[in-house]
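Read through the structure below, which is laid out as structure tokens, and then see the notes.
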Amino acid sequence: MKFKSVRGTRDVFSPEIELWQYLENTAVALLKAYGFSEIRTPIFEESALFNRSIGEDTDIVEKEMYSFQDKKGRNLTLRPEGTAGVIRAAIEQNLLVQSNIAKLYYLGPMFRYERPQAGRYRQFYQIGAECVGSDNYRRDLEIILWCVDYFAAIGLTGLKVCLNSVGCADCRPAYREVLKKYLQDQTGKLCGDCQRRAVKNPLRVLDCKVDSCREIIFGIPAMQDWLCDACKTNLSEIEADLKKEKVNFIIDKYLVRGLDYYTRTVFEIKSENLGAQDTIAAGGRYDKLVQELGGPPMPAVGFALGLERVSEVRQKQKAVATPGNRIDIFFALLGEQAQNRAAGVIRELRQQRIKVEAVFENKSLKSQMRLADQSGAKFTAILGEEELKKDSVTLRNMQTKEQKDIKLDELSQFLKTAKSEEYNG
Ligand code: ATP
Ligand code: MG
């Protein structure tokens with residue numbers, strides 16, 4: 001019997017996995033440069049945590065959660081996003097001290113029951129970060145600039161930051177009423193979900209993906225005109241600094257994001273190189289969530305990016321070379337004695353992090369050389385009877401095809417020098 005991966009999931013392997021490792025390593029280094037430290041939380045949490053934080057009327061909670069009962073009847077859910085778990089953990093582990101700022105990042109799989117399509121999976125990976133304890137607009141900026149700097153670092157171009165403010169507890173209620181009234185008159189034209197949302201949670205209508213609803217949205221009064229002075233200032237300060245930093249951004253006055261916990265700043269980063277699923281990173285401010293989850297009243301701001309989508313854009317941009325996992329040296333070994341002599345040397349090289357592969361399967365020289373070629377190795381070391389007598393190998397540079405004898409004892413030094421020259425070049 002043969003098995004297949006579950007619908008909406010995928011296997012990631014070489015050469016794409018080397019790209020993923022590069023994307024992850026670059027992100028981690030830059031997150032640390034921005035002062036974030038990692039937190040690893042469980043893949044599943046109590047379902048109530050997500051209902052409470054993401055919001056009952058959101059797509060995620062309404063239809064996308066992988067929820068189940070364990071053997072004791074506990075209601076659990078595979079995490080659909082990272083923020084809720086990180087904030088739950090930060091509160092539980094006392095990582096949040098008022099007057100201090102906590103900066104945490106995470107990386108790992110998320111789960112949503114969505115219709116699988118290009119750029120949309122049921123298990124997908126996110127890298128994200130949260131900055132808890134400040135309502136200063138410079139923290140919003142820090143989050144947006146991290147994304148901009150990261151995408152520049154991995155060589156992505158053609159990106160656009162879409163920015164908006166969804167207001168705060170002071171100004172949103174009034175807007176909510178205006179919106180509710182407006183939607184009442186349109187209710188016949190809205191999709192079934194939105195007819196319900198129009199009454200219970202009208203802002204959610206702005207995030208509807210149904211075409212007929214999207215048409216109505218473009219006539220809707222925008223939050224922008226209802227922002228209180230504090231929210232207006234917050235947004236204009238961010239705008240001014242993004243201009244100063246020469247970031248390519250636009251104000252999208254209907255941007256609301258698919259989670260209820262946002263306040264004030266929301267943003268998305270879009271790529272010109274993707275189809276319908278063109279948002280590669282998104283985030284915003286959530287000033288009430290920490291307290292709502294039982295923590296101290298601490299404002300926060302964060303983001304998450306989708307690794308599959310970032311990887312896809314990066315692969316489409318042929319101009320940037322994809323990091324590979326090339327073997328440094330491939331050993332072609334002829335006979336038992338050669339295998340014995342090489343075994344110790346190979347282990348030593350590997351202990352020095354030199355990437356080595358070897359053939360121990362008694363193949364002809366010709367087929368071993370074919371494997372060496374396929375491996376993409378920079379060098380091949382041939383060890384046969386003649387070489388054994390001299391305790392050396394015939395070392396072949398696979399690119400230039402040059403060959404020379406080199407003592408087995410000198411291999412490690414030679415490869416290290418070759419590697420550092422390549423690095424500097
Ligand atoms: P979308 O509008 O594409 O559904 P979202 O608003 O649901 O996105 P967020 O919850 O903000 O997305 O997640 C942040 C990022 O995670 C997205 O910008 C995207 O890159 C990625 N992402 C979200 N859902 C998926 C998915 N099902 N498959 C792959 N990546 C995803
Ligand atoms: Mg979604």
Side-chain angles (χ1 to χ4, degrees), residues 5-10 12 16 20 23-24 27 50 53-55 57-66 77-87 105-130 143-144 146-148 150-151 154 156 159-164 166 193 203-211 213-214 217 252 254-262 265-286 289 301-314 316:
S5 64
V6 174
R7 183 169 150 82
T9 68
R10 54 193 297 261
V12 187
E16 194 186 359
W20 278 45
L23 296 175
E24 291 171 1
F50 300 116
S53 55
I54 299 169
D57 312 303
T58 58
D59 279 355
I60 296 180
V61 172
E62 271 178 355
K63 36 192 171 194
E64 296 174 0
M65 297 225 290
Y66 273 94
T77 296
L78 300 184
R79 62 182 186 195
E81 56 98 58
T83 304
V86 168
I87 298 302
Y105 80 83
Y106 59 87
L107 188 169
M110 305 295 160
F111 307 83
R112 295 184 196 176
Y113 194 83
E114 301 202 68
R115 195 169 69 77
Q117 52 191 295
R120 207 177 273 298
Y121 305 94
R122 290 182 172 171
Q123 170 169 339
F124 59 97
Y125 283 75
Q126 283 189 341
I127 299 175
E130 318 292 347
I143 291 285
I144 299 173
W146 184 91
C147 293
V148 171
Y150 174 63
F151 294 133
I154 60 170
L156 296 196
L159 300 183
K160 187 171 68 185
V161 179
C162 303
L163 181 69
N164 193 23
V166 293
D193 280 342
L203 256 88
R204 289 260 57 81
V205 174
L206 297 181
D207 197 43
C208 187
K209 306 290 190 296
V210 177
D211 285 344
C213 292
R214 297 237 52 93
I217 289 163
D252 175 352
Y254 294 123
L255 181 65
V256 290
R257 315 278 312 107
L259 305 93
D260 273 353
Y261 52 62
Y262 287 110
T265 316
V266 291
F267 73 94
E268 290 190 346
I269 299 183
K270 297 190 180 193
S271 163
E272 290 166 358
N273 297 299
L274 285 177
Q277 270 62 59
D278 59 352
T279 304
I280 56 175
R285 179 162 277 293
Y286 51 98
L289 182 67
V301 55
F303 81 92
L305 64 82
L307 211 49
E308 287 80 3
R309 293 187 198 173
V310 174
S311 160
E312 200 189 325
V313 191
R314 171 70 204 228
K316 279 189 179 156

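Counting starts at 1 for both ligands and their atoms, in listed order. Given the structure is predicted, the values throughout are model-derived calculations rather than measurements.
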(message) So if I count the atoms of ligand 1 from 1 in the order they appear, which ones are less than 4.0 Å from some heavy atom of Ile280?
(response) 18 (O), 20 (O)

(request) Report yes or no: does Glu81 have a heavy atom closer than 4.0 Å to ligand 1? (result) no

(request) May I ask which of Gly306, Gly119, Ala276 has a heavy atom nearer to atom 29 (C) of ligand 1 than the others do? (result) Gly119

(request) Output, in order, the C-alpha distance, side-chain angles, deciding distance and verdict of side chain to side chain contact (heavy atoms under 4.5 Å, CB included) for Cys147 and Phe267. (result) CA-CA 11 Å; Cys147 293; Phe267 73 94; 4.2 Å; yes

(request) Measure from atom 13 (O) of ligand 1 to every heavy atom in Glu64, Glu308, Gln126 and give the option owning the shortest one. (result) Gln126

(request) Provide, to 0.1 Å, the distance between atom 4 (O) of ligand 1 and the closest protein heavy atom, together with that atom's residue and name. (result) Arg120 NH1, 2.9 Å

(request) Return yes when atom OH of Tyr254 has more than 12 non-hydrogen atoms of other residues, nucleotides or ligands closer than 6.0 Å, and no otherwise. (result) yes

(message) Less than 3.5 Å apart, any donor N or O on the side chain of Glu24 or Trp20 sitting next to an acceptor on the other?
(response) no

(message) Working to the nearest 0.5 angstrom, can you tell me the gap between Phe303 CZ and Tyr105 OH?
(response) 11.0 Å

(request) Around atom 28 (N) of ligand 1, find the nearest protein heavy atom and jot down its residue, atom name and distance. (result) Tyr121 N, 2.9 Å

(request) State if Gln277 counts as touching ligand 1 under the rule of any non-hydrogen atom under 4.0 Å. (result) no

(request) Look at atom 2 (O) of ligand 1 and say which protein heavy atom is nearest, naming residue and atom and giving the distance to 0.1 Å. (result) Lys209 CE, 3.8 Å

(message) Under the salt bridge (charged side-chain N to carboxylate O under 4.0 Å, His left out) definition, can you give me all pairs with a residue in residues 276-285, not counting sequence neighbours?
(response) Asp140-Arg285, Arg285-Asp287

(request) Among all protein heavy atoms, pick the one closest to atom 20 (O) of ligand 1 and tell me residue, atom and distance. (result) Thr279 O, 3.0 Å

(request) Write down the atom of Thr83, the atom of Tyr106, and the distance for their closest heavy-atom approach. (result) N-OH, 4.2 Å

(message) Checking the N or O distance criterion of under 3.5 Å, is ligand 1 in contact with Arg309?
(response) yes

(request) Taking the side chain as every heavy atom from C-beta outward, state whether Gln123 and Pro109 have any atom pair closer than 4.5 Å. (result) yes

(message) To check your reading of the model: name the closest protein heavy atom to atom 11 (O) of ligand 1, its residue, and the distance in Å.
(response) Arg257 NH2, 2.1 Å

(message) List ligand 1 atoms under 4.0 Å from Ala282, heavy atoms only on the residue side.
(response) 11 (O)

(message) Under a 4.0 Å threshold between the charged nitrogen and the carboxylate oxygen, would Asp207 count as salt-bridged to Arg204?
(response) yes

(message) Between Arg257 and Glu268, does any NZ, NE, NH1 or NH2 come within less than 4.0 Å of an OD or OE carboxylate oxygen?
(response) yes

(message) Taking Glu16 first and then Arg10, would you say they form a salt bridge - that is, a charged N and a carboxylate O separated by under 4.0 Å?
(response) yes

(request) Ignoring angles and geometry beyond distance, decide whether Arg112 reaches within less than 3.5 Å of ligand 1 through its nitrogen or oxygen atoms. (result) yes

(message) Is atom 8 (O) of ligand 1 touching the protein, meaning some protein heavy atom lies under 4.0 Å away?
(response) no

(request) Among all protein heavy atoms, pick the one closest to atom 27 (N) of ligand 1 and tell me residue, atom and distance. (result) Glu114 OE2, 2.6 Å

(request) Specify the protein heavy atom at minimum distance from atom 26 (C) of ligand 1: its residue, its atom name, and the distance to 0.1 Å. (result) Phe124 CD2, 3.4 Å

